Amino acid sequence: MKRLKPDYIFESSWEVCNKVGGIYTVLASRAQTLQDTMPDHIIFIGPDCWGTRLCPYFVEDNSLFPEWKTKAAGEGLSVKTGRWSVPGNPVAILVDFAPFYAHKDEIYTSLWEKYGVDSLHAYGDYDEASMFSYAAARLVESFYNFFLNDSQNVLYHGNEWMTGLGLLYINDRLPQVATMFTTHATSIGRSIAGNNKALYEYFTGYNGDQMAAELNMQSKQSIEKQTAKHVDCFTTVSDITARECAQLLDKPVDVVLPNGFDNSFVPAKKEFDKKRKDARKFIFRLANALTGDRFTDDTLIVSTSGRYEFRNKGIDVFVESINRLRFDQGLEKKVIALIEVPAWMKEARTDLVERLQSGVKEFDTPLPNPVITHRLHDEDNDRVLGMMNWLGMRNEKNDRVKLIFVPCYLTGDDGVFNKSYYDVILGNDLCVYPSYYEPWGYTPLEAVAFKVPCITTDLAGFGLWANTVLGHDGTIEDGVQVIHRTDTNYNEVADDICHTISRYSSFDSKQTASARKAAETISKKALWSRFIKYYNEAYDVALQKAAARKKAAAK
């Protein structure tokens, strides 16, 4: 059978032009590859949650589709057309979903009647996500009816449960459009893990619906499960999450879509070397301004980053391993460890900013509470600060290991770093991501793309992929160390991380260069140019089903 290719793809996500998590990077880095093969026929749809403020990731262009925008406005759709400010500059449309709250009850009633989706137990972000999803689907319907017809292969791709309602709307109202759903992590799996339950040891005993009732997740479980059941192609990002989908959503995936990377984000060598030098110089100055200690260029810079999921992302294990490193007799260098995880941040510390901008070359006294770069709204209840305090990690001047909490997104305007995440990460010597729950793991892939060896676990999709590529359990010499992690071996994981960092501190320049080269090499095996074939397979699966519907309808 001839493989079908899409003429148009609409792809929606809460993270289109809205940098809140790893899905932003998945879509943003894949955009160039899609633009190369179908220029401006890939249209991303994101939430207009900016109001009158300028979205920093979006360049509005009123010359795009002006007649359709007028028609859409008459249909109750308020949209902004433009381009996403990422490589490839794809077309992006932001839709205002606020007007649909007034119709929420009738929308949910229709969803229950047609698909059995339970929205009665909705709370938190469910309504917001659902109204966006509905608005995005209405947008696709309007655009399709204005510009397209059933002679074209059109596909609507939604990411995460937040797009489920819209996918079901398209399934109902535009059956000639193929639908594709990617769950980057099942909502119930993430919830089981985040509620300190043993996800893996008891895995085959879990019933997704039963656990949803226990954890008050019925509505998210319901929309995700019904979307997976009814779309033309159901996908996820790794084999470990495919297993989760089959068990918890009662629906095996059709295709696994591993996450790739676009190395156009990585600067060329001369610029890379300059940015690396600048990043290290700044981090040393930052640590000196906070702690009053001096740092030479052989100091190891180590970090972890990602969403603030204390257990799921292994932030707790990272803090524990850095604490153990303080007492490691084999450690040969000073260490600055950073936790770059956005929390409920209030503002940049004025005392720190004053020091950084003072022109004073070096400080020999610490600031009060020299463990954090920004003020938090609820510092007394922050889990990172609480754990550091409990372990006695106070960044004393004579401590050889300093742990600094950076509780904000590094987007270039945080008030302290004022550098993007990528312009900071390339200054690292090592990155550590000891995840307990991680369907893929974009942060380790980003690290190795920037030539930074990393430590991850075999509970992360990326870690399992790396082991497969290497043909053995990865070591730091391979560029990716993959630590075995289970429900119960927290202490062993913390020890492994501590010992790996300590051992890395003894590497000579040749060994370090070799590990950095290995990291870069493995990252090139995960470029989108290699992984886009899985998407082409998924597109074909979805389009074949839509084609069969069209054929049946024509009879």
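When reading the values below, keep in mind they use all heavy atoms of this one structure, side chains included, and skip hydrogens, waters and symmetry mates. These figures come from a predicted structure and were not determined experimentally.
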Start with the C-alpha distance between Lys104 and Tyr134, add both sets of side-chain angles, then the distance that settles side chain to side chain contact (heavy atoms under 4.5 Å, CB included), and finish with yes or no. CA-CA 10 Å; Lys104 181 183 70 171; Tyr134 179 78; over 6 Å; no
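- Remark: the Asn145 side chain and the Glu141 side chain contain no N/O donor-acceptor pair separated by less than 3.5 Å.
- Between the side chain of Asp478 and the backbone N or O of Val480, no donor-acceptor pair lies under 3.5 Å.
- Using bins of under 30°, 30° to 60° and over 60° for the plane-to-plane angle, the ring pair His41/Tyr8 lands in the parallel bin.
- Heavy atoms only, all atoms of each residue included: Glu160 and Phe181 are closest at O-CE1, 3.2 Å.
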When you look at Trp84 and Tyr24, which way does the side chain to side chain contact (heavy atoms under 4.5 Å, CB included) test go after all the steps? CA-CA 11 Å; Trp84 196 351; Tyr24 177 96; 3.3 Å; yes
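- Between Leu139 and Ser142, the closest side-chain pair of non-hydrogen atoms is not below 4.5 Å.
- The closest side-chain heavy-atom distance from Val266 to Phe450 is below 4.5 Å.
- Leu257 approaches Thr235 most closely through the heavy-atom pair CD1-OG1, 3.3 Å.
- Annotation: cation-pi geometry not satisfied between Lys19 and Tyr409 (NZ/CZ under 6.0 angstrom from ring centroid, within 45° of ring axis).
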Could you go through Phe147 and Phe65, starting from their C-alpha distance and side-chain angles, then the distance that decides it, and tell me whether this counts as side chain to side chain contact (heavy atoms under 4.5 Å, CB included)? CA-CA 10 Å; Phe147 286 113; Phe65 321 123; 3.9 Å; yes
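- Here the side chains of Tyr535 and Met180 are in contact, with some heavy-atom distance below 4.5 Å.
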Mind running side chain to side chain contact (heavy atoms under 4.5 Å, CB included) on Ile170 and Leu167 for me, showing each step along the way? CA-CA 5 Å; Ile170 295 297; Leu167 283 160; 5.9 Å; no
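- By the 6.0 Å contact criterion, NZ on Lys525 is open, its count of non-hydrogen atoms from other residues, nucleotides or ligands being 12 or less.
- Side chain of Asn312 to main chain of Tyr437: no donor-acceptor pair is present (N/O by atom type, distance under 3.5 Å, no hydrogens or angles).
- A donor-acceptor pair under 3.5 Å is formed between the side chain of Arg516 and the backbone N or O of Lys451.
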Assess the residue pair Glu537 and Lys533 against the criterion (salt bridge (Lys or Arg N to Asp or Glu O under 4.0 Å)); give the C-alpha distance rounded to whole Å, side-chain angles, the decisive distance to 0.1 Å, and a yes or no. CA-CA 6 Å; Glu537 180 187 347; Lys533 64 184 179 183; over 6 Å; no
Enumerate, atom names and distances included, each donor-acceptor pair closer than 3.5 Å involving a side-chain atom of residues 208-219, sequence neighbours excluded.
| from | atom 1 | to | atom 2 | distance (Å) |
| --- | --- | --- | --- | --- |
| Asp209 | OD1 | Gln221 | NE2 | 3.0 |
| Asp209 | OD1 | Lys225 | NZ | 3.4 |
| Asp209 | OD2 | Lys225 | NZ | 2.7 |
| Glu214 | OE2 | Lys197 | NZ | 2.9 |
| Ser219 | OG | Asp118 | O | 3.0 |
| Ser219 | OG | His121 | N | 3.3 |
| Ser219 | OG | Ala122 | N | 3.1 |

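- Just one of Lys313, Arg307, Arg311 meets the salt bridge (Lys or Arg N to Asp or Glu O under 4.0 Å) condition when paired with Glu438; it is Lys313.
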Could you go through Thr475 and Glu477, starting from their C-alpha distance and side-chain angles, then the distance that decides it, and tell me whether this counts as side chain to side chain donor-acceptor pair (under 3.5 Å)? CA-CA 5 Å; Thr475 67; Glu477 287 85 353; 3.3 Å; yes
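- Contact between Tyr422 and Leu426 at its shortest, heavy atoms only, is O-CG, 3.3 Å.
- Using a 4.5 Å cut-off on side-chain heavy atoms (C-beta onward), Pro434 and Ile455 make no contact.
- Between Glu520 and Lys524 there is a salt bridge, with a side-chain nitrogen of the basic residue lying less than 4.0 Å from a carboxylate oxygen of the acidic one.
- To the nearest 0.5 Å, atom OG of residue Ser133 and atom OH of residue Tyr169 are 11.5 Å apart.
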Evaluate ring-ring contact (aromatic ring centres under 6.0 Å, His included) for Phe462 paired with Tyr433, printing each intermediate quantity in order. CA-CA 11 Å; Phe462 175 79; Tyr433 309 103; 9.1 Å; no
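- For the residue pair Ser238 and Thr241, a side-chain donor N or O sits within less than 3.5 Å of a side-chain acceptor on the partner.
- When atom types are taken as modelled, the side chain of Gln226 and the backbone of Gly116 share no donor-acceptor pair closer than 3.5 angstrom.
- Partner of Asn428 under the side-chain contact (heavy atoms from CB on, under 4.5 Å) criterion, chosen from Pro453, Ser305, Ser303, Cys454: Ser303.
- Glu309 contributes no side-chain N or O that, together with a main-chain N or O of Gly194, makes up a donor-acceptor pair within less than 3.5 Å.
- Under a cut-off of 6.0 angstrom, the local environment of OH in Tyr202 is sparse, with at most 12 non-hydrogen atoms contributed by other residues, nucleotides or ligands.
- Within a 6.0 Å sphere centred on CD of Glu201, heavy atoms belonging to other residues, nucleotides or ligands number 12 at most.
- Looking at Asp150 and Arg549, no side-chain N of the basic residue comes within less than 4.0 Å of a carboxylate O on the acidic one, giving no salt bridge.
- Thr182 places no side-chain N or O within 3.5 Å of a backbone atom of Asn159 that could act as its donor or acceptor partner.
- In this structure, Tyr436 has its ring center closer than 6.0 angstrom to the ring center of Tyr200.
- In the displayed structure, Lys5 atom NZ is contacted under 6.0 Å by at most 12 heavy atoms of other residues, nucleotides or ligands.
- Ring orientation note: the planes of His230 and Tyr115 are nearly perpendicular, at an angle over 60° on the 30°/60° scale.
- In terms of modelled atom types and a separation under 3.5 Å, the side chain of Arg485 and the main chain of Ala460 share no donor-acceptor contact.
- When all heavy atoms are compared, the tightest approach of Thr456 to Gly463 is CG2-CA, 3.9 Å.
- A donor-acceptor pair under 3.5 Å is formed between the side chain of Asn467 and the backbone N or O of Gly474.
- Taking 4.5 Å as the limit, some side-chain heavy atom of Ile223 sits within range of a side-chain heavy atom of Leu111.
- In this structure, Gln176 and Tyr144 approach most closely via the heavy-atom pair CG-OH, 3.1 Å.
- Rounding to the nearest 0.5 angstrom, the gap separating the OG atom in Ser78 from the CG atom in Leu94 is 10.0 Å.
- Contact check for Ile107 versus Met131: side-chain heavy atoms found under the 4.5 Å cut-off.
- The line from CE of Met162 to OG1 of Thr227 is 12.5 Å long, rounded to the nearest 0.5 Å.
- The closest side-chain heavy-atom distance from Val482 to Leu464 is not below 4.5 Å.
- If you check the side chains of Thr33 and Asp36, you find no donor sitting under 3.5 Å from an acceptor.
- Here the side chain of Gln247 pairs a donor or acceptor atom with the backbone of Thr204 at under 3.5 angstrom.
- Nearest heavy atoms, Ser435 versus Leu459: O-CB, 4.0 Å.
- Between Lys220 and Glu224 there is no salt bridge, since no side-chain nitrogen of the basic residue lies less than 4.0 Å from a carboxylate oxygen of the acidic one.
- Remark: Lys545 NZ is packed, more than 12 non-hydrogen atoms of other residues, nucleotides or ligands lying under 6.0 Å away.
- Between the side chain of Trp528 and the backbone N or O of Gly260, at least one donor-acceptor pair lies under 3.5 Å.
- For the atom pair OG of Ser187 and CD1 of Ile192, the computed distance is 9.5 Å after rounding to the nearest 0.5 Å.
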